[in-house]
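Side chains are part of it too, since the values below use all heavy atoms of this structure and drop only hydrogens, waters and symmetry mates.
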Amino acid sequence: MAHYAVRESPPLRGEIPISTSKNAVLPIMCGALLTDEDVRIEKPPKLTDVATLASLLDACGCRVKQESNALILKADALKNPHDDEDVRKMRASVLVLGPLLARLGEARIPLPGGCAIGQRPIDQHLKGMSALGAKVTFDHGGVTLTGRLRGAVIYLDMPSVGATENLMMAATLAEGITRIENAAKEPEIVDLSAFLSSMGARITGAGTSTICIEGVSSLHGTSWLPIADRVEAGTMACACAITGGELLLRGARADHLRSLLFKLSEAGVHIQDTQGGLMVFGRAKQPFEIRTMVYPGFPTDLQAPMMAVACRTPGTSVFLETIFENRFMHAAELSRLGAHIRVENRVAVVEGTPYLTGANVSSTDLRAGAALILAGLCAEGETIVNDEGGHIDRGYVGIEEKLSAVGGLVARIPSPA
Ligand code: UD1
């Protein structure tokens with residue numbers, strides 16, 4: 001649980017170091033289960049999702065050692081976890097399925113329930129595992145997979161990020177060649193593939209819609225520095241677009257953020273790709289249209305932060321959410337600050353207004369919470385963001401510290417005033 005007090009802020013100026021990517025680190029941590037040797041992950045982001053997954057890996061017989069700037073994982077006593085609690089806490093825990101099955105010939109996890117942004121089934125993960133030869137049985141609210149894996153051709157009905165990652169990991173130790181068609185192309189998939197290759201896996205095509213994996217009999221330890229977090233970088237770019245100013249997002253990669261950068265440019269924000277990272281200058285002045293899509297389309301994770309930008313940008317901006325069915329919950333909270341937003345099913349229409357005013361608002365999910373902090377930066381007076389679920393700490397490292405360091409008036413407070 002956390003609460004933030006946000007005040008109308010001057011233009012943000014300075015440098016924000018971008019952390020390593022949550023969505024890259026979580027699958028990489030699960031990938032460490034594929035070997036009994038040491039896997040060293042450099043500069044892991046200090047996030048509750050990372051801590052939750054570390055606790056689940058520990059329950060899977062993987063020793064987890066935290067050094068000052070590295071996480072060392074050693075899965076030399078691999079087993080299925082007894083306690084379901086950590087799996088339930090976090091959707092990404094489903095990614096232990098592939099490695100457990102590949103190494104033990106058996107994997108069991110509770111079925112993830114619905115979540116705030118939609119139903120999020122795992123049918124594509126299971127369909128793929130079954131194509132690899134696993135027997136899938138459902139019992140007592142969980143799913144059990146058993147069997148020795150053999151290479152196969154798998155067609156995903158939609159390019160699911162998690163299913164692509166899970167199947168890629170399982171196939172590294174399957175006998176023979178696996179081809180995943182209609183695979184997800186996100187940068188985190190490319191990073192996972194490079195990480196697995198550094199452990200001895202044979203993978204080609206990551207970053208395209210066909211990924212080929214030639215199974216090997218075992219993988220070895222490695223040391224890996226994951227990519228910078230494109231969602232954190234994008235969120236900070238949106239913060240600049242809201243207040244104006246000049247930010248260097250240290251370590252951010254323009255090639256991972258093309259769709260956002262095009263949209264910010266259309267809105268009148270200037271972007272410069274430099275050696276140290278991305279420079280972002282000035283405030284959004286024109287409205288824009290956003291359709292969330294799989295990579296390289298506009299990321300659903302940046303839809304909420306861009307909606308915060310649209311609230312104060314003159315003109316009518318339009319959002320179409322195609323990935324998750326219930327991802328506009330921040331719209332109602334932004335409206336409490338005086339934003340003009342109409343939501344109809346998967347479409348949100350935002351009329352930019354010259355003023356927002358501070359209010360008490362609630363964070364309903366991770367990116368929604370960040371969007372509310374951003375909106376507070378341009379709302380008159382004080383905005384209190386109540387994050388009862390601790391969503392923001394799941395995916396942003398010290399968001400209040402990073403924004404404060406460049407002039408944002410954001411503080412973590414013990415409980416709402
Ligand atoms: C990952 C990211 C998340 C991001 C999302 C979409 C991580 C830890 N999380 O989540 O931040 O918002 O990608 O870019 O990397 N689906 C099915 N069946 C399946 C799998 C998915 O129907 O078996 C549907 C989902 O309900 C959703 C869509 O496919 O509507 C996308 O899901 P997916 O790409 O799997 O997202 P995640 O891997 O869960």
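The neighbour count for Lys127 NZ, taken as heavy atoms of other residues, nucleotides or ligands under 6.0 Å away, is above 12. Within 6.0 Å of CD on Glu344 lie no more than 12 heavy atoms contributed by other residues, nucleotides or ligands. Enclosure of atom CZ in Arg13 by more than 12 non-hydrogen atoms of other residues, nucleotides or ligands within 6.0 angstrom is indicated. Other residues, nucleotides and ligands place no more than 12 heavy atoms under 6.0 Å from the NZ atom of Lys135.
Ion pair Arg108/Asp139 flagged as a salt bridge, since at least one NZ, NE, NH1 or NH2 atom sits closer than 4.0 Å to an Asp/Glu carboxylate oxygen. The pair Arg230-Asp255 does not count as a salt bridge, with every side-chain nitrogen at least 4.0 angstrom from each carboxylate oxygen. Taking a cutoff of 4.0 Å between a charged side-chain nitrogen and a carboxylate oxygen, Arg7 and Glu382 qualify as a salt bridge. Using a cut-off of 4.0 Å between Lys/Arg side-chain N and Asp/Glu carboxylate O, Arg291 and Glu289 are scored as not salt-bridged. Under the 4.0 Å criterion applied to side-chain N and carboxylate O atoms, Lys22 and Asp229 are not assigned as salt-bridge partners.
Remark: side-chain polar atoms of Thr35 are paired, donor with acceptor, to backbone N or O of Leu219 under 3.5 angstrom. Glu42 contributes no side-chain N or O that, together with a main-chain N or O of Ser223, makes up a donor-acceptor pair within less than 3.5 Å. Of the possible polar contacts, none joining the Gln303 side chain to the Glu321 backbone as a donor-acceptor pair under 3.5 Å is found. Using a distance-only test at 3.5 Å, with no hydrogens or angles considered, no donor-acceptor pair links the side chain of Arg202 to the main chain of Ile213. Without hydrogens or angle criteria, Ser404 side chain to Val410 main chain gives a donor-acceptor distance under 3.5 Å. Side chain of Thr164 to backbone of Ala183: no donor-acceptor contact under 3.5 angstrom is found. No donor-acceptor pair closer than 3.5 Å links the side chain of Thr364 to the backbone N or O of Met329. Remark: the backbone N or O of Val39 is not paired with any side-chain donor or acceptor of Thr222 at under 3.5 angstrom. Using modelled atom types, one side-chain atom of Arg346 and one backbone atom of Thr322 make a donor-acceptor pair closer than 3.5 Å. A donor-acceptor contact shorter than 3.5 Å is absent between the side chain of Asp387 and the backbone of Ala2.
Closest approach of Ala375 and Leu337 over heavy atoms only: CB-CD1, 3.6 Å. Residues Phe288 and Ala267 approach most closely at CD2-CB, 3.8 Å, considering heavy atoms. Taking all atoms of both residues into account, the shortest heavy-atom contact from Ser363 to Gly369 is OG-CA, 3.5 Å. For Ala233 against Ile18, the heavy-atom pair with the smallest separation is CA-CD1, 3.7 Å. Closest approach of Leu264 to Ala237, counting heavy atoms only: CD1-CB, 3.8 Å. Minimum interatomic distance between Gly358 and Ala379 (heavy atoms only, all atoms of both residues): N-CB, 3.9 Å.
Summarising the geometry, atom NE2 belonging to His125 is positioned 12.0 Å from atom CD1 belonging to Ile154; distances are rounded to the nearest 0.5 Å. Gln124 CD to Asp157 CG: the interatomic distance, rounded to the nearest 0.5 Å, is 4.0 Å. One distance of note links SG of Cys238 with NZ of Lys263; it measures 13.0 Å at 0.5 Å rounding. Distance check, rounded to the nearest 0.5 Å: CE of Met168 to CG of Leu95 gives 10.5 Å. Note that CD1 of Ile399 and CD1 of Ile392 are 6.0 Å apart. Values are rounded to the nearest 0.5 Å. Here Arg283 contributes atom CZ and Leu12 contributes atom CG; the two are 10.0 Å apart, rounded to the nearest 0.5 Å.
You'll find the side chain of Asp273 stays beyond 4.5 Å of the side chain of Leu261, heavy atoms only. Within the 4.5 Å cutoff, no side-chain heavy atoms of Leu145 are placed close to those of Ile109. Side-chain contact between Arg412 and Tyr4 is present, with heavy atoms from C-beta onward closer than 4.5 Å. Proximity of Leu71 to Gln66: side-chain heavy atoms (C-beta onward) are separated by under 4.5 Å at one or more points. For the pair Met169 and Cys30, the minimum side-chain heavy-atom distance is below 4.5 Å. Using a 4.5 Å heavy-atom cutoff, the side chains of Val294 and Lys185 are not in contact. Between Val50 and Lys46 there is no side-chain heavy-atom pair separated by less than 4.5 Å. Put simply, the side chain of Glu246 does not reach to within 4.5 Å of the side chain of Pro11, judged on heavy atoms.
Put simply, the residue from Leu374, Thr313, Val350, Ile290 that forms a side-chain contact (heavy atoms from CB on, under 4.5 Å) with Met306 is Ile290. A side-chain contact (heavy atoms from CB on, under 4.5 Å) with Thr235 holds for exactly one of Leu403, Ile16, Leu302, Leu260; it is Leu302.
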Practice problem: Kindly indicate, with the supporting measurements, whether the criterion salt bridge (Lys or Arg N to Asp or Glu O under 4.0 Å) is fulfilled by Asp301 and Arg327. | Solution: CA-CA 9 Å; Asp301 287 348; Arg327 210 174 193 177; 2.9 Å; yes
Self-check item: side chain to side chain donor-acceptor pair (under 3.5 Å) between Arg367 and Tyr396, worked out
Solution: CA-CA 9 Å; Arg367 308 304 170 189; Tyr396 291 92; 3.2 Å; yes
Quiz item: Hey, mind stepping through Lys74 and Lys65 against side-chain contact (heavy atoms from CB on, under 4.5 Å) and telling me if it holds?
Solution: CA-CA 9 Å; Lys74 190 175 177 65; Lys65 203 164 98 195; over 6 Å; no
Self-check item: side-chain contact (heavy atoms from CB on, under 4.5 Å) evaluation trace for Tyr295 with Glu188
Solution: CA-CA 10 Å; Tyr295 191 83; Glu188 293 77 18; over 6 Å; no
Exercise. Carefully, step by step, assess Ile189 and Ile211 under the rule side-chain contact (heavy atoms from CB on, under 4.5 Å).
Key: CA-CA 10 Å; Ile189 306 267; Ile211 301 178; 3.9 Å; yes
Practice problem: Please test Leu278 against Ile271 for side-chain contact (heavy atoms from CB on, under 4.5 Å), starting from the C-alpha separation and ending with a verdict. | Solution: CA-CA 7 Å; Leu278 274 177; Ile271 312 279; 3.9 Å; yes
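There is no side-chain donor-acceptor pair under 3.5 Å between Glu106 and Thr144.
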